[in-house]
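Whatever order the structure lists them in is the order used to number ligands and atoms, beginning at 1. The first residue in the sequence is number 1, and the count goes up from there.
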Amino acid sequence: MHIHHLQEKNSIANRFIAQLRDTSIQQDRMRFRRNIERIGEVLSFELSKELNYHSKSVTTPLGTAQINLPQEDIVICSILRAGLPLHNGILNYFDEAENSFISAYRHHPDNDEKFEILVEYLASPSLEGKTLILADPMLATGRSFVNVLKALESMGRPEQIHMVSVIGAKEGVEYVSENFPENTHLWIATIDEKLNERGYIVPGLGDAGDLCFGTKKQH
Ligand code: URA
């Protein structure tokens, strides 16, 4: 897998990441969602450099300009619910993309720390021969990404897969590296050291879904 780690080089995206993590700022839900969206935009710009382009002529009021434009059919698939602001950020740049939504959540069958990832809802166009961008802001254990990839098998085989994420844990990055096709790209803003016993990224930022949309009742 090709890993593109945004924070290896300092950029203004560091400020977005800092605000996402900071307990005195992250409670502002609109800012939290917007910062995830902004990181989605930055990562999309980086990702766009890996796409295939073809030359096209564009008529201007004064003549004709040749310009290289992306030629791939892109499908953005986000994992509900925390993936929504990231999805928006990616869609802001790849505005002609098709869209796919899938749910994945942590189910604690014994009400303890052990959990399984359940995938229940999927709405997607065909992925056959397309470029699939999978969006999930938190790459913790990596099991959501891998379960989602399995669930998407029935939609056809994408030509190329790009994963987009905001914060990852080292072990989650390792897990997806082992379970995704070798030519997959991972575009990630920052990678943290570890997971805690509940599978949360440390230092991380807390629960991304709750910070975006408020807490939810367990069922
Ligand atoms: N999901 C989150 O929202 N936060 C984590 O730290 C891990 C998974």
Side-chain angles (χ1 to χ4, degrees), residues 3 5-7 13-14 16-40 42-43 76-90 101-121 133-151 163-180 186-219:
I3 299 172
H5 183 184
L6 190 67
Q7 219 175 24
N14 287 4
F16 312 154
I17 299 165
Q19 291 186 358
L20 286 172
R21 291 189 192 272
D22 189 331
T23 51
S24 68
I25 302 176
Q26 62 171 199
Q27 297 301 325
D28 175 351
R29 278 189 212 149
M30 189 163 70
R31 177 169 289 274
F32 188 85
R33 291 193 300 270
R34 180 64 189 123
N35 276 324
I36 291 196
E37 189 181 2
R38 293 204 280 190
I39 291 171
V42 171
L43 292 174
I76 307 166
C77 176
S78 64
I79 304 178
L80 300 171
R81 63 189 165 135
L84 288 176
L86 191 59
H87 191 114
N88 238 14
I90 300 168
F101 298 93
I102 188 160
S103 72
Y105 68 96
R106 293 176 171 193
H107 174 58
H108 297 260
D110 306 320
N111 277 331
D112 59 13
E113 286 156 1
K114 287 197 301 299
F115 62 88
E116 55 192 357
I117 307 282
L118 296 185
V119 172
E120 282 175 356
Y121 173 81
I133 301 180
L134 276 178
D136 188 355
M138 305 301 280
L139 200 182
T141 63
R143 279 153 56 193
S144 297
F145 267 129
V146 171
N147 288 13
V148 159
L149 184 69
K150 267 204 156 25
M163 276 183 276
V164 175
S165 194
V166 176
I167 304 184
K170 277 186 177 163
E171 73 171 78
V173 172
E174 237 173 78
Y175 186 72
V176 292
S177 300
E178 286 158 9
N179 288 281
F180 269 71
L186 169 65
W187 304 87
I188 189 158
T190 189
I191 301 176
D192 284 358
E193 220 26 65
K194 58 179 182 187
L195 295 174
N196 69 10
E197 62 291 342
R198 301 199 69 233
Y200 275 80
I201 300 170
V202 179
L205 51 74
D207 190 301
D210 286 358
L211 288 160
C212 286
F213 301 115
T215 54
K216 61 184 194 303
K217 198 171 175 298
Q218 293 304 329
H219 58 93

Provide, line by line, the atom pairs where ligand 1 and the protein bring an N/O atom each to a distance under 3.5 Å; else say none.
| from | atom 1 | to | atom 2 | distance (Å) |
| --- | --- | --- | --- | --- |
| ligand 1 | 3 (O) | Ala208 | N | 2.7 |
| ligand 1 | 4 (N) | Gly206 | O | 2.8 |
| ligand 1 | 6 (O) | Ile201 | N | 2.8 |

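- In summary, Arg29 and Asp210 do not engage in a salt bridge, as defined by a charged side-chain N under 4.0 Å from a carboxylate O.
- By the salt bridge (Lys or Arg N to Asp or Glu O under 4.0 Å) test, Arg106 pairs with no residue at all, sequence neighbours left out.
- Taking a cutoff of 4.0 Å between a charged side-chain nitrogen and a carboxylate oxygen, Glu193 and Lys170 qualify as a salt bridge.
- Taking the side chain as every heavy atom from C-beta outward, Glu37 and Ile90 never approach each other to under 4.5 Å.
- Contacts of Asn35 classified as side chain to side chain contact (heavy atoms under 4.5 Å, CB included), with partners at least two apart in sequence or in another chain: Phe16, Gln19, Leu20, Arg31, Arg38.
- Residues satisfying the ring pair (Phe, Tyr, Trp, His ring centres under 6.0 Å) criterion with Phe115, sequence neighbours excluded, are His108.
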